[in-house]
Amino acid sequence: MKRDYSNLYTWHLRNFLWRMLFSAVWTAVLIVIFSSCDDFVAVDLPNSQLTTPTVFEDRATANAAMLDVYAKLRDNGLLTGNGGGLSHLLGNYADEFDYYGTSQGGTVAFYNNVLLASNADVKSLWDYSYTQIYGANAVYEGVAASTALTQQDKDQLQGEALFVRALVHFYLTNLYGDVPYITTTSYALNRRAEKVAVHEVYAKVIADLEQAVALLPEAYVGSDRTRPNVYVAYGLLARVYLYAGQWQEASNAASAVLNATDLYSMTAVGDTFLKESGSALWQFAPGFSNGNALEAQTFIFSMGPPPLSALRSELVSAFGNDDLRRTAWIGSVTDGVTTWYHPYKYQNNAGTESTEYSVVFRVAEQYLIRAEARAKSGDLIGAKEDLDVVRQTAGLPPTTAVTQEAILADILEERRLELFSEYGHRFFDLKRNGLLDGTLGGLKPGWNTTDRLLPLPQAELLLNPNLLPQNQGY
Amino acid sequence: MNKNSLYKERRVYMYSLLILIYLFCLASYASEEGKGPSIKKIPDSHRLSSSQYHMLRVTISANQQINVITGTVRDADGVLAGVTVALRQAQGDQQIAGSSVITDAKGQYSITAAEGDVLVFTYVGYMTVTVTVDGSSVINVTMQEDATTLQEVTVNAGYYTVKEKERTGSIAKITAKDIERQPVTNVLAAMQGRMAGVNITQTTGTPGGGFDVQIRGQNSLRLNGNNPLYVIDGVPYSSDPIGTGINSAVLPTQPSPLNSINPDQIASIEVLKDADATAIYGSRGANGVVLITTKQGKAGKARFSSKVSQGAGRVTRFMDVMNTEQYLAMRTEAYANDGIPIPSYAYDVNGTWDTTRSVDWQKELMGRTAAFTEVQASVGGGSEHTQYLLNGQYNQQTSVLPKDYTYKKANVFLTVNHKADNGKFESQTRVGYTLQDNNQPRIDLMREAVTMAPNSPELYNEDGTMNWENNTFNNPLRNLEGSYGVVTQDLIANVMLSYRLRPDLKLQTSLGYTTLNNKELTANPSTRYNPAYGLGPQYSTLIASGAARSSWIAEPQLNWKHGFKHGSLEALAGATFQSQRSSQRVQYASGFSSNSLIYNLTAASNVYTLADDVTDYRYMAFYGRLNYNHQDRYILNLTGRRDGSSRFGPGKQFATFGAVGAAWLFGNEAFLKDNKVLSFGKLRASYGVTGSDQIGDYQYLNTYASSGINYGGLVGLQPTHLFNPAFGWETNKKLEVALETGFFKDQIFTTVGWYRNRSTDQLTGVPLPGTTGFSSILANLDATVENSGVEFTLRTVNVQGKDFNWSTQFNISANTNKLLAFPDLAGSTYANQYVIGQSLSIQQLYRYTGVDPQTGVYTFEDANGDGMLTADDKTAIADFTPQYYGGLQNSLTYKNWQLDFLFQFVKQENYNSSVYFGLPGSFGNQPTSSIHHWQQPGDVAATQLYTDWGNGAAIDAYYKFFESTGSVSDASYVRLKNISLSYNIPLKDYQCRLFFEAQNVLTFTRFNGADPEFKSVGYLPPLRMLTAGVQFGF
């Protein structure tokens, strides 16, 4: 190949043009590459996850999000039937159980009423509760932003979410006193959440429940009673009003439930906790197709000494001899010398066939709520009627109490017998009636007046100083 | 997604790169300008060939005899291509430089020389050979490798190579010479003790297991965020564990991803440590980069080589435990102390079991000899333009357990290099395929073997079935019922294409593809239960998991190099596009109709899917380097990278990393140039920022995922985490200063380096109060982790002669890990784990204060004096970070003999043997040292009183002991890690080498447990392996 180099200028020009062309080609290539930059690092969602908005554009997935909240309520925290739930912990904290289990772990501190702010159970009750509240708030917000769900579905889901939010906050404020009322999923706000006085928590609970009542349908979703309907919201509302001392409202809310006679009626003692029980307002569905209530596994034991907890003998002997509940709901084990008793409301601890569901709300409590509310507001006849419904079912004669005071005392005792080992009813009854010190003080050496509130979890105070001060006595 | 900001971002670097490209072109144009076309463009035909120059000279001095000299240049392994043969012509008393030629693919050369001229043979890494022409027309030369010319060797820095002496970064390197001579199946084992700043611990002796690799300490609070980046021939190889870890209970950690590479295939491993070396890897360089370069074919006639070796492996150390006499005495005393008669269930001591029997159960259960077999063959060769190497390898290793378990690995590897006739186009192709088939027990037997009562009954009945001794004996062989099996297939392929656009400008593209398939099965048959329970195959379970991962990468790159009068400038710019897809499915099956069908999912009556997902990872980057070398004295190296990763949310996907490195070769300064003592001197320093994106995929998304929990027949969906799209990279700022000096012609060569790495913006769960619904949120926590330390390496050539050579290499590293800051530590879930100012691998412990002479139980310091032992009393801190570690290697050759050995040493603390054992006095063997126990008031003893769970205070003290300083002790060791002896049989046409190699040969330690090298207590330690073999080639 021969080139004419005589004209240097031409050579330079040609060379320069060639170079510019080369650069231009490269520039073009690079522009193509660059223009796909942000697209390149954008990836599709994994097949195992859904974005939050998508979840609430579809009825099935939106429902699955709400169901998970119930599954969490069933398995962890306040309402679970396992050893970490209130049924067991507050039963030990008050006068229902004697504790026989390991000295490791937090339960023994509940039993001895020597809780520390660092107690693991205290912290997990708190943490699980707010996780459940987060789940409910996430459903509420997700549904609110949804464009595809029908109004009916939206009402249903939002009503359920508000109900759960109110339910958990109600328990929290009764356990811990002033607590934050969380209504958003924003961690930026929630990490600095401030405490709200107990009466304000009640006001918020009532507001949420009234909204839930407006949104929830009368009919249950599905064939069983594992998702709350409007009457469950009324049922909680009745309890909240009762605790708040608003007798008329409590009575009205309970009536709303009790008047729904096509749905609810008192059932025989032995049928109360069956999955098809007509006296149940709301039950937890088990986690397995052949599953049963977790309470059965927690409370029942077949050999002494008990591995965990046994009923206190005072409670067992408080039942009259002809009380049907004494035989139907209490089991016993003996080693020949000592006899131990356990709750036997839930009897099926095998996983072969599903027969019992854990009952969270039931008709008997509504009768007792209305009885108490009526008695407090002077309707002694109505109160006795309601109380006797429960007594009658238990095979007992009508109450002989006459005065308001005596009727109220009977109601309290009836609650103790009817609702024992259920969700800490006993502790809360003593507490709201100002009877904690009088009842537990003599019974339990570790009891102090300040024990009416649990300590706020230590780690929580360190991470969010807005929760200070710690409850008294801790 | 915020489009605006992304577009802006895109535009910024688009323009910057365009400017860079233009600068390239203009700079090269300008440089051409200076020279003008007249010099450059002389057609080849106009040039004088070397032979023509010769002819000219020949005519000048016709009195000398002129000959054409031919010959072949070899080294120990065969012919050497590319050796420069330079002619020095005698002219009176002086010699003047003449022409030079280069040996061809067959190692042959041809040059014209006169008698009395001198031929100088030079080749990088080899000692220069000079031969005076004496009239014969054939001069064959054998060259020897030269340990002192390593400064000339080029080092792979990933996207570029650099001469060892000119590098500005911290790069440690080992080559095939060291790797090949070790009987190991994972290359990480071959690296142990050989590189400063690289701390590698083998987590189990079970073959196919994992390694813990830390380059200059732990940078991230996330335990799985400390892996280095592995790059095999330019293709990043994910270090993320395969599968969920639900499977493989026999392995304490996930299998190492590098199991897929045959160590014998590796030509060199470079570990990039400081900012200068790692910043070009940007967001993936924070924990260092391990570059693995495989072997290449050499030009020449086809060379065949094969290697066969066979060996045996055994456990290095067992624990000293009581014999039956001592054991039974302890048991009897325990019951006496508890004040109860020997109960009916105490079969070991009440006469149910033979009390005269004494068995060393460690030997019985882990005392077999594991067989190691390796066969390998390769053929390689090629022409000047095309070279190839084909290698196949198979190895298998059995186990020390009393049942046959085998780890098998087969591997094929092909590489082809091609260079076009015009020298402009080059390509390198490498394809490797590996199959691993590992069959192991379900559970490691170590812990059970150590603690079995020495008079436990026979393992087998006379009919060969498992002996349950009338339901009194929990036979350890039950753990060997069923198995853990894993099959892994790997393909790694890459192509490197390059085209020299102009003499100083090269365009290259690296394309890579890797794919991996993994299947794991853990079978737990019902036969693992005592038949007395009557549990049939409906109680058998199977965990089956499958995982696949494939990734491709494309990296176009432009290299430019230009020399100036006083220096040279190199620049490169490139881009990376990588995409990876991973999938996994884990299933749990139960309720089988027969144990013979237990490996088949369809035979199960219940199958649960525990995990099933597919994840995508996309990654792109632009990177560049600018290097200026001024008169071989001052070197400045700038590297940078702009990274985008799909692991981050909109607006956070891109980040920039970079480093500046500088070196001063003061040895080349005029005042030192001819110094007789100092032959090399370099001071280098670097500072820069790298990052880490090892956080898993999709964490920035606001998502729901299946909770796996059923409610009323439906499985729930739960929020996966708190939604935070705004987290970014973990950043790691690295600073290093190092001094490299060579003395006496580099016969003594030292490197002293100091570094300080600070990791900030820790990507971790920022602790949150429970009111948020979660305990933490993934975000950049304002915590700082510092690793600082000193590394020292020494290389000496002790003797260098014709027959005998001896060289020594030594390295030692000391790293200090420190948590400098951690907001809200006290309220976080890490409160009991970390302490500000301390290392990340600490444990807060009670201070052990000995056995109380009065009560006979362990006592601990009640630090706050409140009369109770609570977490607040854990004031002692044990630091498990090694204080220092290193290795000492010697290589000796004498004629045809070669001996290499490596001592590895680690100064560290770790859990001692006490954590293996149960309550002293209870059922289960105890260490021999427990004989020195408390018996009566006044006794000063090391072990507390014996009890069989009858003494509450002693039980409590026993548990506290684990959380006290009593359970931690010195676990330092010196280990003859590797020894290799080989003999080359001097044959004319064949190469034949006999060798003996051994791993973990001797261990010197005061550690009172078994093997001091472990990360997790209770697993089979690395084995001692002895092998012998023969390598044959022609």
*asked:* side chain to side chain contact (heavy atoms under 4.5 Å, CB included) for B:Phe648 and A:Val41? Distances and angles first, verdict last.
replied: CA-CA 9 Å; B:Phe648 298 93; A:Val41 291; over 6 Å; no

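- When heavy atoms are compared at a cutoff of 4.5 Å, B:Tyr704 approaches chain A by way of both its backbone and its side chain.
- Remark: aromatic rings of B:Phe774 and A:Tyr187 are distant, center separation not under 6.0 Å.
- Residue pairs that meet the salt bridge (Lys or Arg N to Asp or Glu O under 4.0 Å) test with at least one member in residues 45-62 of chain A, sequence neighbours left out, are A:Arg59-A:Asp153.
- Interface residue A:Lys72: only side-chain heavy atoms are found under 4.5 Å from chain B.
- Evaluation of the salt bridge (Lys or Arg N to Asp or Glu O under 4.0 Å) rule for B:Arg618 yields no partner, not counting sequence neighbours.
- Looking at A:Pro286, the atoms closer than 4.5 Å to chain B (heavy atoms on both sides) all sit in the backbone: N, CA, C or O.
- Interatomic distance, OG1 of B:Thr772 versus CD1 of A:Ile133, reported as 11.5 Å (0.5 Å rounding).
- Only the backbone of B:Phe723 comes within contact range of chain A, with at least one heavy atom under 4.5 Å from a heavy atom of that chain.
- Here the side chain of B:Tyr711 pairs a donor or acceptor atom with the backbone of A:Thr226 at under 3.5 angstrom.
- For the set A:Gly287, A:Ala459, A:Ser118, A:Ser129, the entry with the most heavy-atom pairs within less than 4.5 Å of chain B is A:Gly287.
- Annotation for A:Tyr134: atom OH counts as buried by contact number, over 12 foreign heavy atoms lying within 6.0 Å.
- In this structure, chain A has a heavy atom under 4.5 Å from the side chain of B:Pro719, while its backbone stays farther away.
- Both the backbone and the side chain of B:Leu768 come within less than 4.5 Å of a heavy atom of chain A.
- When each of B:Asp616, B:Thr615, B:Thr720 is checked for heavy-atom pairs under 4.5 Å with chain A, B:Asp616 comes out on top.
- Chain A forms the most heavy-atom pairs under 4.5 Å with one residue out of B:Ile709, B:Leu714, B:Leu722, and that residue is B:Leu722.
- Nearest heavy-atom pair, A:Ala285 versus B:Gly712, reported as atom, atom and distance to 0.1 Å: CB-N, 3.4 Å.
- Contacts of A:Arg192 with chain B are absent, with no heavy-atom separation under 4.5 Å from either backbone or side chain.
- Heavy atoms closer than 4.5 Å to chain B are found in both the backbone and the side chain of A:Leu50.
- Interface check for chain A: of the options B:Thr771, B:Asp824, B:Ile777, B:Val614, the most heavy-atom pairs under 4.5 Å are formed by B:Thr771.
- Between chain A and the options B:Ala831, B:Ser646, B:Pro769, the largest number of non-hydrogen pairs under 4.5 Å is found for B:Pro769.
- Interface remark: of the candidates B:Asp697, B:Leu701, B:Asn710, B:Asn710 forms the most heavy-atom pairs closer than 4.5 Å to chain A.
- Under the 3.5 Å distance criterion, the side-chain polar atoms of B:Gln718 are left unmatched by any main-chain donor or acceptor of A:Asp68.
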